Amino acid sequence: MVWIRSGARHVLVNIKAQNSCLNLSGGDNHAIIGYPPHDGLNQQWEFVRQQSGNYLIRSVGTGLYLRIDGEPANDVMIVAGREPYEWYVQYERSLPGSIRLYVPGTKRNIDLSGQGNPNPGAPVTLWDAWPGQHQLWRPQ
């Protein structure tokens, strides 16, 4: 099992769409999409633990932070931006080695849209947590 450590870099692979990982779009350096792993820096994320116990998640390629585009609500887009944004990392007991990334203090977590759409470019959004494996990510 891979554990998240402050300063560690990870590629986050979706559990349901196993050929899809969290990818900062090279087209606009803003949108976060599902995309096949290719070892690019836009798919590598550095986790930086905060005093709160939450993490900042920063793109290794651009230094931009993983964040939401607006207030935490269902179907809000996950994007990259200059302003730091904290995430609560929860290890998923039902599937060892996988995590959920929550907006702290909410039940909303990062979700590969279309219930795990495996097509390259599928949007990554925020959604209420439920048992779907498209909301689970395996750090590598």
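Each residue takes its place number in the sequence, starting with 1. Note that the structure is a prediction, hence the values are computed from the model and not measured.
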> Are Val103 and Trp137 connected into the same hydrophobic cluster when the rule is that any two of I, L, V, M, F, W, Y join if their side-chain heavy atoms are below 4.5 Å apart?
yes

> Would you say Phe47 has more than 12 foreign heavy atoms packed within less than 6.0 Å of its CZ?
yes

> Measure the CD-CD distance between Gln140 and Gln43 for me, rounded to the nearest 0.5 Å.
10.5 Å

> Does the side chain of Asn109 reach to within under 4.5 Å of the side chain of Leu101, using non-hydrogen atoms?
no

> Rounded to the nearest 0.5 Å, how far does CD1 of Ile32 lie from CG of Leu24?
4.5 Å

> Is it the case that the side chains of Gln44 and His10 hold a donor-acceptor pair, with the cut-off being a distance below 3.5 Å and no angle test?
no

> Kindly work out whether a path of hydrophobic side-chain contacts (I/L/V/M/F/W/Y, heavy atoms less than 4.5 Å apart) joins Trp3 to Tyr55.
yes

> So, taking the atom named OG in Ser98 and the one named CD in Gln135, what distance separates them when rounded to the nearest 0.5 Å?
11.5 Å

> Donor-acceptor pair, Lys16 side chain versus Gly132 backbone, under 3.5 Å?
no

> What about Val13 and Tyr91, same hydrophobic cluster or not, with Ile/Leu/Val/Met/Phe/Trp/Tyr joined at side-chain heavy-atom distances under 4.5 Å?
no

> Tell me if the centroids of the rings in Tyr85 and Trp87 come within less than 6.0 Å of each other.
yes

> Rounded at 0.5 Å granularity, tell me how far CZ in Arg49 sits from CZ in Arg5.
13.0 Å

> Nearest 0.5 Å please: distance from the CD1 atom of Ile110 over to the CH2 atom of Trp127.
14.5 Å

> Can Gln50 and Ser52 be counted as having a side-chain donor-acceptor contact under 3.5 angstrom?
no

> Is Leu12 close to Arg138 at the side-chain level, that is, under 4.5 Å between some pair of heavy atoms?
no

> Gly97 and Pro139: which non-hydrogen atoms are nearest, and at how many Å?
O-CD, 3.5 Å

> Could you check if a side-chain atom of Asp111 sits within less than 4.5 angstrom of a side-chain atom of Val124, using non-hydrogen atoms only?
no

> Taking atom CG of Leu126 and atom NZ of Lys107, what is their separation to the nearest 0.5 Å?
14.0 Å

> Ala17: what forms a side-chain contact (heavy atoms from CB on, under 4.5 Å) with it, not counting sequence neighbours?
Asn14, Ser20, Leu112, Pro118

> Mind checking whether Pro36 and Cys21 have side chains closer than 4.5 Å, heavy atoms only?
no

> Tell me whether Val48 is reachable from Tyr65 by hopping between hydrophobic residues (I, L, V, M, F, W, Y) whose side-chain heavy atoms are closer than 4.5 Å.
yes

> Quick one: do Ile4 and Ile57 end up in the same hydrophobic cluster if we chain Ile, Leu, Val, Met, Phe, Trp and Tyr together by side-chain heavy atoms under 4.5 Å apart?
yes

> Anything under 30° is parallel, anything over 60° is perpendicular, the rest tilted; go ahead and classify Tyr102 against Tyr88.
tilted

> Output a table of donor-acceptor pairs, distance under 3.5 Å, between side-chain atoms of residues 66-79 and any protein atom two or more places apart or on a different chain; print 'none' if there are none.
unit_1	atom_1	unit_2	atom_2	d
Arg67	NH1	Glu83	O	2.8
Asn74	OD1	Asp128	N	2.8
Asn74	ND2	Asp128	OD2	3.3

> I need the full list of salt bridge (charged side-chain N to carboxylate O under 4.0 Å, His left out) pairs touching residues 54-64, with sequence neighbours left out, sorted by first then second residue.
Glu46-Arg58

